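These notes concern the structure reproduced below.
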Amino acid sequence: MIPPSYSPQKVEAEVSKFWKEKKIYEKVKSRSGRKFYFVDGPPYTTGRIHLGTAWNKIIKDTILRYKRMNGYDITDTPGWDMHGLPIEVKVEQEFGFKNKRDIEKFGVEKFVQKCMEYALKNKDAMTEQFKSLGVWMDWENPYMTIKAEYINAAWFAIKKAHEKGLLERKLMVVNWCPRCETALADAEVEYAEKEDPSIYVKFPIKNEPNTYIVIWTTTPWTLPANIAVAVNPAFEYAKFRAIKNSKEEFLILAKDLAEDVLSKGDYKHWEIIETYNGKELEGLEYEHIFANEVPKQKIWTHKVYTASFVTAENTGCVHIAPGHGLEDYELAISKNLPIFNPVDERGVYNEDAGIFAGLRVFEANDVVIDKLYEKNLILYEGKIIHRYGHCWRCKSPIIYRSTEQWFIAITKIKEKMLEEINKVVWIPEWAGSARFKDWISNAKDWCISRQRYWGIPIPVWICEKCGEMRIVGSIDEIEWKEDIDLHKPRIDEITFECKCGGVMKRVPDVFDVWFDSGVASWASIGYPAKKELFEKLWPADFITEGHDQTRGWFYSQLGTSIICFDRAPYKTVLMHGFTLDELGRKMSKSLGNVIEPEEVIEQIGVDCFRLYVLSSAPWEDLRFSWDEARNINRMMNVIWNAVRFAYTYMSLDNFKYEGIKHELSVEDRWILSRLERFVKSANNEMENCQLHRVVRNFLEFFLGDFSRWYIQLIRSRVWEEKESPSKLAAYETMFKVIDKSIRIIAPFAPFISEWFYQNFFKSFRKTEESIFLEDYPKAEEEYIDDELEIKMKIIRQIFEATSAARNKAKRKLRWPLRELIVETQKEKIAEAVESLKNILLNQCNVKEIKVVKNFEKKVVIKPNFKVVGPILKNKVSEFAKFVENLRELPEKIVFEGIELGRDALIVEYEIPAGFVYESFEGGVVYLYTELDKDLIREAYAREIVRRIQEMRKEMNLNVEDYIRSYLDVDPELVEGWREYIMRETRSKELVFGELKGYIKDWDVEGMKFKIGIERWS
RNA sequence: GGGCCCGUGGCUCAGCCUGGUUAGAGCGUUCGCCUGAUAAGCGAAAGGUCCGGGGUUCAAACCCCCGCGGGCCCA
């Protein structure tokens, strides 16, 4: 039985239960086939999935189901990204920890244990959520970044990097989170608006009293660490004599920028004393502004250097603090300047900072500025709101610190990376050729070390005595048993004896989590511990993730993979978009615009949710719209009804499908042509991941062609007597349409498809246990008939025009009309009408259809008095008489020797009385709307049938029940139509002038009458 | 400052790669219709400078260039 209305919740519950009980996923998985290696981008174990992660897995599931139905043996291991700061931060919050000291006090072992518990708990919760979306993956056997086998894979990679000379330990300026007390990769830095001081500072020139070089900075706290000033060698600089409060000063800065700076500084007058190009300034010495406050600054000399990165902004002179800026650092290295970093890991000045020691850097800004005011070295102080980097997890503003870190020398393999991405198929194409290429081109060395606890330990041991280094590339190199946890702090207990006799201890750092997921393509299949799968599968046939992963997983995987295997780890990448709210904003808790996947499922069900997110182009951002999502739900309801329609009649007749056995009518051939065209396109689109096109084509076909048109055309055929070949042909056609098109959409909407399979397919043909054990349908192109499709399109247009004409004449469709005339010059249209005449007769409800080249219209020609009046003056009335005799429009209008323009005449066409017209593409339809006695009788008969049907329904009679009907109308009104009424309403008897049973009053077009019906028993 | 993407009726989006009838859907509005698929469904009407400007072309929503606006990423 198919219930009268579609309840997604019920369907999904039944199907879930069925899949579980019958172990359908396991059965599908156990089939053999060609290998297809898919790698799941591991979601971070946050504990809850959101719309974006839901969309991500829905895309994956749809593609994997499609591949399975095509006979592939899929690697569908789901992954979990479980290490890293986000979880550490959560655990810290849970226990109210403020910094690393709190963690150390609590105990690192316990802390790591908590992190693990937290990650595992979240993984389980999220697994359930993904399952509820109908995502079929191997949930019992996921890969987890915390497992020994996985850690082993990361160690393998780092050893490879070392062997290839790509692992470097160097002093480097890195993004540093002062709260988390760790280095961050570029990918972990989020940019957001921040207000900072914007100050112009005067650096006193050595041995030139009252002379300064002017710099600008937004980080006053880096001034104690200033080492140099940089100018652009190509810019023009000048020394200005400037007057403020009637005192003069000499200021050096970029010539063209001076006006703005000096007016900000409240100088009243200024003049150029001297100009130089940047090159000439090189070597100019200045006194450090905190030479007395910061002891080390007294030792060093401070000079101006040239650097091409200096831009023509602010003063054109850049303050250089090599310990706190990347460009600064690089300049310092090239000029052999000291790298001075007086800031500790908490973002607090250490003793090197002299009087500033103990201050937090962001608090120090004001102290520094005050000091400079004391020394009269501030030229101008303002505020600026700019984009500033923040820690991706705790949102603290980051600082730059020079520290010793471990790096992967991406710059050495960049060329290879660029070469490799060209070999990958990117969908859309620009994801690789433009976006990813740009990111890689700008990539710097990858800082992979973190000074944290919850991560894969970096497997580098260093001898305390001689500094000898040992990279452990496999867990076999240490004495490891199943029950020993490889995380900190236990791993740090392992030491090696050095050749020199010293003790080798592990460096305390853990890996950047991006390194974890970066090795997924082999770690997830057990490599290097197990070789077999890797050798068969790697590299991945397919991956898909959001566009944020350009700098994330697409990148980290490419890097590690080139290190280990010299090639890209994936063959095809589908990049998808982000989910946004209806206004195009990111969903965030603070905006209060977050939509939970559960909420959507509860309202419209999983299938509708899936179809909705899959109906727009994957790579576009998806603005979530409730209206649109509900709209899909409405469409699904129509699909339900269409299948139910077929089911009702087929099951009544005990129909069995064994292929097309009966002679097809033209409409059958048409819908099958449409079907195969759809199947063909769906296969093509799937191969190119154009998922949205498949969904859209499906809806258009199933609703537009099948439900709205084909079913309307065959209604009367399904009411024919039992063994009617025409009826059976219609059944066969309907069955084939539903069978193939539902299988096409099954990967997208798995629940309802399986439900139809179990409740519809199984009733009429031999089936497998599940729809997902079936093959994906392939097109039978011999059914595609271009000619017929074009003809039907024409017929539908004529039908629509006729409906519009009826509308004009206020003749409802139920009332038959005498004649329809189609006027067209096009042979194609005439042919279409001739060959599909019956369809048109029925649908338009007319008795006759004629096609003519020119419908006979009366041409009425009138003089245009407005035009001819001024020309002909008093001859106008004669002209009018002349015009009156014109039968058709003359070539030239000549009246009494005067040639008149075409506008002298007004031409109107008068169509014969009783016709209304409406144009369509390629012609005009004329509909004769006058009624005669026969037509009226038929109309009333149809009206009465329609009322009786309604009453039958109100009485809850079954379709096959018989009745006795009573009418209090004059039998003459429906003369000749008695049989028709009885047949249509399944009346065994039709009684006039008497009323019994269920009686109702009716008013049809102003005529009042009563009908009574009772069940025939 | 750089890279990429997006901009199509009031709203949400197809179409653009591969130029070619009168630019399509759905929602919403108005007016109708149909009905044993029916607490549904169907049609019609109104509503569009396809962001703007230039170019290529017989022909541009589509290709190219320059702007404008929005988003993401980077500096």
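These figures come from a predicted structure and were not determined experimentally. Lettering follows sequence order; numbering is per chain, from 1.
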N/O-N/O pairs, protein side and nucleotides 18-20 of chain B side, under 3.5 Å:
none

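- You'll find the ring centres of A:Trp55 and A:His576 inside the 6.0 Å limit.
- Rounded to an integer number of Å, the gap from CE of A:Met635 to C1' of B:C42 is 14 Å.
- A salt bridge does not link A:Lys414 to A:Asp445: none of the charged side-chain nitrogens sits closer than 4.0 Å to a carboxylate oxygen.
- Nucleic acid contact for A:Glu800: sugar-phosphate only, since backbone atoms but no base atoms lie under 4.0 Å from a heavy atom of the residue.
- Looking at heavy-atom distances under 4.0 Å, A:Arg806 makes no contact with the nucleic acid at all.
- Using a 4.0 Å cut-off between charged side-chain N and carboxylate O, A:Asp1003 and A:Arg947 make no salt bridge.
- Contacts of A:Arg630 with the nucleic acid, taken as non-hydrogen atoms under 4.0 Å apart, are absent.
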Side-chain donor-acceptor contacts of residues 637-645 of chain A below 3.5 Å, not counting sequence neighbours, with atom names and distances?
from, atom 1, to, atom 2, distance (Å)
A:Trp640, NE1, A:Pro3, O, 2.8
A:Asn641, ND2, A:Asn637, O, 3.4
A:Arg644, NH1, A:Ile2, O, 3.1

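- Contact annotation: side chain of A:Ser707 to base of B:A37, donor-acceptor pair present below 3.5 Å.
- Note on A:Leu957: a base of the nucleic acid sits closer than 4.0 angstrom, heavy atoms only.
- Counting only heavy atoms from C-beta outward, the side chains of A:Asn175 and A:Tyr400 approach each other to under 4.5 Å.
- When the options A:Asp786, A:Asp668, A:Asp705 are evaluated for a salt bridge (charged side-chain N to carboxylate O under 4.0 Å, His left out) with A:Arg674, the one that passes is A:Asp705.
- Partners of A:Ser441 under the side-chain contact (heavy atoms from CB on, under 4.5 Å) rule, at least two apart in sequence or in another chain, are A:Leu418, A:Lys437.
- By the 6.0 Å contact criterion, NZ on A:Lys793 is open, its count of non-hydrogen atoms from other residues, nucleotides or ligands being 12 or less.
- Not counting sequence neighbours, the partners of A:Ser724 by the side-chain hydrogen bond (donor to acceptor under 3.5 Å, both in side chains) test are A:Glu720.
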Pick out the pairs of N or O atoms, protein on one side and nucleotides 5-7 of chain B on the other, that lie under 3.5 Å.
none

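- For A:Arg623 and B:U12, the shortest distance from a side-chain N or O to OP1 or OP2 is below 4.0 Å.
- Of the residues in residues 642-651 of chain A, A:Ala642, A:Arg644, A:Phe645, A:Tyr649 come within less than 4.0 Å of RNA chain B through at least one heavy atom, sorted by number.
- Residues A:Arg623 and A:Glu628 are not paired through a salt bridge, judged by the lack of any N-O separation under 4.0 Å between the basic side chain and the carboxylate.
- Using a 4.0 Å heavy-atom cutoff across all strands shown, A:Pro4 reaches sugar-phosphate atoms only and no base atom.
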